[in-house]
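Working notes for the structure below.
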Amino acid sequence: MPELPEVETIRKGLVPVLSGRRLVLVTARREDLRVPLPPNFNDRLTGRRVRILRRRAKYLLVDLDGGETLIVHMGMSGRFTVHQPGISSRPGSFVHKMREDGSGAGKHDHVVFETDAGSRVVFTDHRRFGLMLLANTEELDNHELFAGLGPDPLDDAFTAALLSSALAGKRAPIKAALLDQRVISGLGNIYVCEALFRARISPKRLGASVAGVRAARLVPAIKEVLEAAIIAGGSTLRDYARADGELGYFQHHFSVYDREGLRCPRKGCKGTVRRIVQSGRSTFYCPVCQR
DNA sequence: ACGAGAACCTGTTTGC
DNA sequence: TGCAAACAGGTTCTCG
């Protein structure tokens with residue numbers, strides 16, 4: 001579950017479990033994620049205390065004592081679950097009752113963190129597009145993963161003027177441009193579709209043509225959809241049949257994403273949501289009110 | 001240099 | 001029912 005709102009939801013969920021806690025045991029059960037885990041991963045993390053959990057774009061940053069930061073990207077299918085002894089799972093939580101021999105031992109449970117409070121945090125990622133790296137906390141801003149990232153859309157510095165200048169000269173469709181993390185960092189396929197719908201902008205429009213009044217509509221549309229999704233706890237798609245694995249419910253508020261053939265939800269619009277493919281990814285939009 | 005497409009990997013859904 | 005193709009929330013590499 002990996003766009004900005006989902007990562008932010010995960011971060012908030014992990015804070016009470018990890019913040020200030022010591023990692024008494026870290027176990028990587030598979031080393032070959034998108035990028036191989038750093039050498040001696042388990043030993044370098046075991047015994048460290050967690051200071052702060054931060055987020056940059058779609059990256060989760062776990063600052064540790066000793067001056068290092070664990071960088072986590074969830075890829076397409078990465079998820080965290082928390083397991084605690086003797087707790088009864090609440091609906092809508094990602095906290096599970098711990099099974100002494102089972103939690104973290106699933107086929108795609110790749111990294112297991114145990115804390116000094118007895119909690120177990122499990123990173124699961126069946127497609128293995130996720131990533132975990134260690135980096136010097138002080139030099140994080142210069143890290144190659146972050147050096148080229150565009151502005152965070154929730155930052156006050158992200159304005160229509162900034163977006164317009166980032167889009168200047170872009171011949172790619174605005175849909176593709178917004179997925180480019182060098183232009184703006186944190187959006188993915190869902191929230192790009194939803195933000196363009198809110199701003200009444202066609203996903204096929206040239207990136208460079210989104211300036212002036214259109215950029216002035218798009219910036220608040222992006223901020224609003226992300227903020228609403230964060231409040232809802234992000235979106236939970238497909239799988240996760242178990243109710244206690246659910247995190248967010250924003251998927252019930254989608255206007256266009258995954259709604260091909262349904263009526264456009266905009267008041268007064270008689271359009272039908274269409275699905276097209278751009279740069280190999282599905283785009284959902286209303287061809288009537290998005291221009 | 002830019003943009004489109006493929007590749008990475010596994011699981012689920014869809015269509016014949 | 002069975003099997004193959006299409007598709008899935010991301011990023012990065014290659015090619016034209």
Side-chain angles (χ1 to χ4, degrees), chain A residues 1-10 29-36 55-60 71-80 94 106-110 123-133 143-150 153 166-196 203-209 225-226 229-230 232-242 245-261 275-284:
Chain A
M1 16 157 69
E3 296 183 46
L4 186 155
E6 288 74 33
V7 178
E8 181 61 19
T9 298
I10 287 285
R29 305 179 64 247
R30 257 196 105 128
E31 314 265 328
D32 55 336
L33 305 185
R34 187 177 98 217
V35 165
R55 179 190 59 75
R56 173 75 178 92
K58 300 174 192 174
Y59 292 90
L60 178 68
I71 303 170
V72 182
H73 194 286
M74 327 262 290
M76 289 277 257
S77 55
R79 357 187 94 81
F80 279 101
F94 72 144
K107 184 176 176 187
H108 301 295
D109 296 341
H110 304 317
F123 178 72
T124 308
D125 181 10
H126 68 86
R127 293 180 77 176
R128 302 205 315 280
F129 289 166
L131 157 162
M132 283 195 195
L133 293 176
H143 196 283
E144 57 176 354
L145 286 174
F146 308 126
L149 286 183
L167 291 171
K170 288 264 174 218
R171 308 275 311 162
I174 184 65
K175 160 73 184 322
L178 293 176
L179 284 177
D180 184 342
Q181 304 297 296
R182 296 169 302 184
V183 172
I184 172 175
S185 63
L187 295 181
N189 209 32
I190 293 177
Y191 298 108
V192 166
C193 292
E194 294 295 314
L196 287 172
K204 298 198 276 195
R205 174 176 282 281
L206 284 191
S209 77
V225 75
L226 293 178
I230 289 171
S235 305
T236 307
L237 268 50
R238 306 184 171 72
D239 50 46
Y240 264 63
R242 295 203 321 266
E246 301 290 321
L247 267 175
Y249 53 88
F250 192 74
Q251 65 276 13
H252 304 305
H253 299 290
F254 290 165
S255 295
V256 289
Y257 186 83
D258 207 17
R259 294 178 61 82
E260 181 183 20
R275 173 185 178 271
I276 61 174
V277 176
Q278 295 178 288
S279 301
R281 319 258 341 245
S282 288
T283 298
F284 299 90

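Treat the numbers as computed from the prediction; the structure is a model and nothing was measured. All chains are named by letter (A, B, ...) in the order of the sequence lines, taking the proteins before the strands, and each is independently numbered beginning at 1.
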(message) For A:Leu145 and A:Arg127, find the nucleotide of DNA chain C closest to each by heavy atoms; which residue's nucleotide sits nearer the 5' end?
(response) A:Arg127
(request) Looking only at side-chain atoms of A:Ser282, point me to the closest of C:dG10, C:dT11, C:dC7. (result) C:dC7
(request) From the options B:dG11, C:dT11, B:dC9, select the nucleotide whose nearest atom is closest to the side chain of A:Arg34. (result) C:dT11
Return the value, rounded to whole Å, for the distance between atom [atom1] of [X] and atom [atom2] of [N].
{"X": "A:Leu4", "N": "C:dG10", "atom1": "CG", "atom2": "C1'", "answer": "14 Å"}
{"X": "A:Phe129", "N": "B:dC9", "atom1": "CZ", "atom2": "C1'", "answer": "5 Å"}
{"X": "A:Met74", "N": "C:dT11", "atom1": "CE", "atom2": "P", "answer": "12 Å"}
{"X": "A:Lys204", "N": "B:dG3", "atom1": "NZ", "atom2": "P", "answer": "18 Å"}
{"X": "A:Arg281", "N": "C:dC7", "atom1": "CZ", "atom2": "P", "answer": "13 Å"}
{"X": "A:Met76", "N": "C:dG10", "atom1": "CE", "atom2": "P", "answer": "6 Å"}
{"X": "A:Glu260", "N": "B:dT13", "atom1": "CD", "atom2": "P", "answer": "18 Å"}
{"X": "A:Asp258", "N": "B:dT12", "atom1": "CG", "atom2": "P", "answer": "17 Å"}

Would you measure the distance from the [atom1] atom in [N] across to the matching atom in [M] and give it in whole Å?
{"N": "B:dA6", "M": "C:dA5", "atom1": "P", "result": "16 Å"}
{"N": "C:dC7", "M": "B:dG5", "atom1": "P", "result": "14 Å"}
{"N": "B:dC9", "M": "C:dC13", "atom1": "P", "result": "14 Å"}

Can you list everything that forms a side-chain contact (heavy atoms from CB on, under 4.5 Å) with [X]? Sequence neighbours excluded, please.
{"X": "A:Lys58", "value": "A:Val7, A:His73, A:Gln181"}
{"X": "A:His143", "value": "A:Ile71, A:Leu133, A:Ala135, A:Leu145, A:Phe146"}
{"X": "A:Leu206", "value": "A:Arg171, A:Ser209"}
{"X": "A:Ser279", "value": "A:Ala176"}

(message) A:Ser185: which residues meet the side chain to side chain donor-acceptor pair (under 3.5 Å) condition with it, sequence neighbours left out?
(response) A:Arg56
(message) Restricting to side chain to side chain donor-acceptor pair (under 3.5 Å), what partner residues turn up for A:Tyr59, sequence neighbours left out?
(response)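 By the side chain to side chain donor-acceptor pair (under 3.5 Å) rule, A:Tyr59 matches no residue at all.
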(message) Within residues 167-180 of chain A, which residues have any heavy atom lying less than 4.0 Å from an atom of DNA chain B?
(response)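 The stretch gives A:Lys170, A:Arg171, A:Ala172, A:Pro173 as the residues lying under 4.0 Å from the strand, ordered by number.
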May I ask you to decide if [Y]'s main-chain N or O and [X]'s side chain share a donor-acceptor pair within less than 3.5 Å?
{"X": "A:Glu194", "Y": "A:Ser255", "result": "yes"}
{"X": "A:Arg29", "Y": "A:Asp109", "result": "yes"}
{"X": "A:Gln278", "Y": "A:Lys175", "result": "no"}

(request) With heavy atoms under 4.0 Å as the rule, sort A:Gln278 into base, sugar-phosphate or nothing. (result) nothing
(request) Could you tell me whether A:Arg275 contacts a base, only the sugar-phosphate backbone, or nothing, with contacts defined as non-hydrogen atoms closer than 4.0 Å? (result)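 It contacts sugar-phosphate atoms only.
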(request) Go ahead and write out DNA chain C as dot-bracket, 5' to 3': ( ) for pairs within the strand, [ ] for ones crossing earlier pairs, | when the partner sits on another strand, dots for unpaired; Watson-Crick or G-U wobble, both distances under 3.5 Å. (result) .|||||||.|||||||
Can you check whether [X] has a side-chain N or O nearer than 4.0 Å to OP1 or OP2 of [N]?
{"X": "A:Lys107", "N": "B:dG11", "answer": "yes"}
{"X": "A:Arg128", "N": "B:dT10", "answer": "yes"}
{"X": "A:His73", "N": "C:dT11", "answer": "yes"}
{"X": "A:Ser279", "N": "B:dA4", "answer": "yes"}
{"X": "A:His108", "N": "B:dG11", "answer": "yes"}

(message) According to salt bridge (Lys or Arg N to Asp or Glu O under 4.0 Å), who are the partners of A:Arg30, at least two apart in sequence or on a separate chain?
(response) A:Asp32
(request) For the pair A:His108 and A:His110, name the ring-plane relationship: parallel under 30°, tilted 30 to 60°, perpendicular over 60°. (result)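 The arrangement is perpendicular - the two ring planes meet at more than 60°.
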